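Keep in mind the model is a prediction, meaning the values are calculated, not measured. In what follows, chains carry the letters A, B, and so on, assigned in the order in which the sequence lines appear, proteins first and then strands, with residues in each chain numbered from 1.
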Amino acid sequence: MDLHFGDAEPTAEERAAVDALLGPPATAWEGGDRTAADLRSAARAEQARDRLLPALHAVNDRVGWISDGALTYICRRLTIPPAEAYGVASFYSLFSLEPRPPRVLHVCTDLACLAKGVREVRDGVPSPCLGLCERAPAALALEAGETPKAVVYGGSTAEDETPHTVERPEPPVEDAVPQAGSPGLVLLGRIGVVDPASLDDYRANGGYQALRRAFELGPVGVIREVTEAGLVGRGGAAFPTGRKWDATARQPDQPHYLVCNADESEPGTFKDRVLMEGDPYALVEAMTIAAYATGCRKGYLYIRGEYPRATRALETAIETARARGLLGPRVLGHDFAFDIELRRGAGAYICGEETAIFNSIEGYRGEPRTKPPFPVEKGLFGKPTVVNNVETLVNVLPILLTGGSDTKLFCVSGSVGRPGVYELPLGTPLRELIDLARPAGTLKAVLLGGAAGSFVTDLDVPLSFEGTRAAGATLGSGVVMVLDEEVDLPAFLVRIAAFFRDESCGQCVPCRVGTVRQEEALHRLGRRRSEADLVLLREVGQTMRDASICGLGQTAWNAVESAIDRLGAFK
Amino acid sequence: MQPPRRLIDVEIDGAAVRVPEGSTVLDACRTAGKDIPTLCHGDTLTPKNACRVCVVEVEGSRTLAPACSRTAEAGMVVATDTERARHSRKVVLELLASSTDLSTTPRAKEWMADYGADPARFGEEAATVAQPPKVDNDLYVRDYGKCILCYKCVDACGEQWQNSFAISVAGRGFDATISTEFDVALTDSACVYCGNCVEVCPTGALSFKTEFDMRAEGTWDESEQTTTTTICSYCGVGCNLTLHVQDNKIVKVTSPHDNPVTHGNLCIKGRFGYGYV
Ligand SMILES: Cc1cc2nc3c(=O)[nH]c(=O)nc-3n(C[C@H](O)[C@H](O)[C@H](O)COP(=O)(O)O)c2cc1C
Ligand code: SF4
Ligand code: SF4
Ligand code: SF4
Ligand code: FES
């Protein structure tokens with residue numbers, strides 16, 4: 001490839017940030033000093049496209065934005081065409097390609113926070129759901145520098161005059177789990193009970209017994225147990241996990257990859273964050289078991305960029321596990337090599353889609369790929385790949401130890417006294433969950449499954465995959481957002497539409513333009529009722545559902561449709 | 001020479017057709033004599049299947065399928081003209097026409113009429129991608145107000161043909177555009193002016209400067225143009241050039257896509273060196 005680079009030079013700080021990640025440059029071609037060796041031989045360039053996202057993070061974390069000079073330097077180091085790298089950098093909302101102050105306050109203006117009264121952003125930039133819904137309204141301050149800082153703010157009210165300037169310590173994880181410590185919790189059993197940083201504590205509380213059992217069972221045995229337990233994916237699509245694992249394990253093409261999807265960005269979802277913050281070793285152990293069963297030597301843990309505490313917890317857990325022989329060339333002394341690489345997203349909901357996540361990890365724009373081929377056949381780097389959600393993976397531990405938990409995590413937010421993550425048996429009536437969370441105000445509707453889900457008013461619907469489907473809804477990622485009579489429904493729907501418009505990758509026409517037209521029509525309908533606009537919404541909605549490439553466009557009309565049909569919005 | 005391919009049977013709108021294995025549903029539809037609209041599909045590129053005007057119903061599939069990219073399978077049952085498929089095509093055309101200037105997209109008008117598309121119903125305030133054309137060099141113009149983001153130019157410039165990687169899709173969602181790095185002028189980019197992006201652009205968003213200027217003057221008139229195909233004399237490769245002539249002047253140069261060596265691709269000399277022909 002004969003690449004063309006501009007003349008822009010990086011500043012010393014930008015260069016240092018990139019070099020800290022990639023090591024010093026080897027040749028002048030890559031932006032180092034010209035040496036005699038360079039003149040004799042053609043430059044040897046590193047081919048490492050997948051380092052692009054980490055390199056962009058390195059600069060953005062250090063300086064707060066990515067200049068022409070910094071981008072050019074990264075491109076030289078990694079042999080990437082500058083136009084492509086620009087296309088990638090401009091895809092992610094956490095990166096800035098224009099100068100901005102080091103400290104940026106991301107104020108959540110999404111559903112749960114909207115329901116809690118956030119209206120305007122006084123001293124920051126508006127952000128899609130930050131996954132802090134139990135502490136709504138929430139904000140996240142990111143500060144660039146040699147040691148980048150991230151401070152989470154929750155529970156500040158509109159009247160609070162100095163909400164986001166004073167640093168406050170984050171409340172303990174278990175504050176997000178109202179049932180914490182109660183017996184009977186399986187997936188949440190260790191939250192608030194163990195020290196998330198301590199491997200010894202984890203082991204003292206049942207940790208790494210499932211992996212031992214997995215080694216006894218062998219890969220085929222593990223897949224059999226997971227299949228027999230009937231585990232289905234918790235990331236939203238409810239696909240049988242055992243079938244996915246079996247299909248991957250059987251692929252002759254090598255290597256196989258494991259990707260843990262911790263991009264959790266569905267508005268109203270924060271269960272994976274709580275699991276990762278409170279019980280990070282469980283995820284590391286579960287990934288190790290998944291890798292063992294499906295024949296992967298390498299796992300990627302793709303975590304959303306707005307989750308600083310979960311990222312720190314997992315960094316510690318992965319390092320400690322590696323140091324103690326629980327990751328690496330001989331896991332637990334067995335002839336099984338496995339390691340995990342943590343990858344941070346950079347502000348793009350779509351990167352949670354199971355093929356967009358591959359493009360993001362590989363250093364391309366996070367656009368979903370066309371299926372078929374499916375990930376089990378051609379996934380990350382074109383190789384057979386198993387992608388699983390955090391909660392799905394953590395479910396594997398009790399399956400190997402006790403045959404399974406048959407519980408599900410629910411993220412309750414909105415108009416309730418005790419918002420948070422709840423663990424209940426699948427099939428529990430919605431009413432029971434809401435009662436646990438202490439409803440406040442007169443209930444109007446419940447948004448099940450997040451922005452891609454739908455509204456229900458029947459509180460007797462059983463919270464199971466089949467039960468919600470029969471009710472024309474979906475469990476999705478476990479979002480249960482409670483709305484009372486006070487809610488401004490038209491504004492709420494506009495916010496849902498704006499979310500999809502903002503987060504559409506832009507690849508296909510039905511979604512790229514359809515989400516814009518949907519939002520426009522909802523704005524108009526908020527001002528005055530119009531039969532023509534309702535028809536338009538339906539027609540555009542049907543086309544997004546039928547003709548979009550991926551699940552984002554296909555579900556972008558669900559919630560609005562259910563609000564019109566079930567809540568009588570715009571009647 | 002490729003080995004002969006096995007033939008498979010598929011059903012298109014009730015009629016059985018036989019196509020070579022590996023064909024797309026679009027190939028099968030065309031074999032069956034169906035005229036399916038396409039925009040992001042081109043005969044020389046692997047399509048990104050982004051425009052979705054070619055969607056059809058495939059039995060057993062939850063969503064509609066892009067005919068241009070779905071591989072035909074033995075026994076597949078395809079319906080091209082159902083209400084559901086026509087509905088999506090209609091709305092997709094409306095979405096495109098309401099946001100993008102399709103005035104130089106061949107056949108757009110005809111399809112809009114066929115499908116009863118009415119882009120005006122989104123209202124006067126509907127967001128568009130209207131923007132001033134980028135005229136930053138003497139050879140070709142980028143008028144992204146006409147761009148439907150079909151990815152063809154990016155693929156032609158990048159790994160599918162040219163390997164120059166001068167342009168990419170930047171931004172996200174409705175704000176996504178085709179762009180050089182930091183939107184620098186083409187003259188500061190990696191562009192080598194092969195014009196292969198112009199060759200594949202389905203909307204006229206990319207056009208020869210001559211065509212752009214003549215359109216602005218109102219003198220562009222395809223009915224007055226004649227074409228002659230010759231062999232480029234600049235080097236020994238022997239690329240075919242199709243010279244488009246109006247009023248005794250060469251107004252643009254294309255290249256036949258069925259040329260087995262060049263597939264319609266040229267270099268700057270063949271494409272833009274016509275001053276010397
Ligand atoms: C737009 C979009 C966003 C998604 N985001 C996530 C996510 O953040 N986390 C997740 O686990 N799955 C997400 N999914 C679902 C994944 O595509 C995939 O189904 C899932 O990761 C598979 O894991 P599972 O079988 O364990 O659920 C998303 C899907 C779509 C269409
Ligand atoms: S449906 Fe939306 S998010 Fe998905 S590929 Fe199309 S434009 Fe991108
Ligand atoms: S003229 Fe050639 S090099 Fe320039 S952008 Fe178009 S395809 Fe790329
Ligand atoms: S400029 Fe033309 S070829 Fe490029 S994306 Fe736009 S419409 Fe397609
Ligand atoms: S022509 Fe098939 S999706 Fe564009």
Exercise. Ile350(A) versus chain B, heavy atoms under 4.5 Å apart: side chain, backbone, both or neither?
Worked result: neither
Problem set entry | Region of Asp7(A) in contact with chain B, defined by heavy-atom distances below 4.5 Å | neither
Problem set entry | Which of Ala126(B), Cys150(B), Ser69(B), Ala176(B) touches chain A most, by non-hydrogen pairs under 4.5 Å | Ala126(B)
Exercise. Less than 4.5 Å apart, any side-chain heavy atom of Thr63(B) and any of Arg545(A)?
Worked result: no
For this session: Say whether Ser98(B) and Arg517(A), considering side chains only, have a donor N or O and an acceptor N or O under 3.5 Å apart.
Result: yes
For this session: Sort Leu552(A) into side chain, backbone, both or neither according to what part of it lies under 4.5 angstrom from a heavy atom of chain B.
Result: neither
Exercise. Should Cys75(A) and Glu181(B) count as side-chain neighbours, where that means a heavy-atom distance under 4.5 Å?
Worked result: no
Problem set entry | Sidechain-backbone polar pair: His87(B) side chain, Glu539(A) backbone, donor-acceptor under 3.5 Å | yes
Problem set entry | Pair Thr370(A)-Asn49(B), side-chain donor/acceptor within less than 3.5 Å | yes
Exercise. Do the side chains of Phe122(B) and Val540(A) get nearer than 4.5 Å, heavy atoms only?
Worked result: yes
Problem set entry | Electrostatic pair Glu125(B)-Arg524(A), nearest N-O below 4.0 angstrom | no
Exercise. With respect to Thr543(A), which candidate in Val91(B), Leu64(B), Val55(B) satisfies the side-chain contact (heavy atoms from CB on, under 4.5 Å) definition?
Worked result: Val91(B)
Seminar exercise, completed: chain B shares the most heavy-atom pairs under 4.5 Å, among Ala547(A), Gly506(A), Ala521(A), with Ala547(A)
Seminar exercise, completed: Answer key: most heavy-atom pairs under 4.5 Å with chain A among Ser88(B), Ser179(B), Ala65(B) is Ser88(B)
Problem set entry | 4.5 Å side-chain heavy-atom contact, Ile80(A) and Phe165(B) | no
Exercise. Can Glu367(A) and Arg172(B) be counted as an ion pair, charged N to O under 4.0 angstrom?
Worked result: no
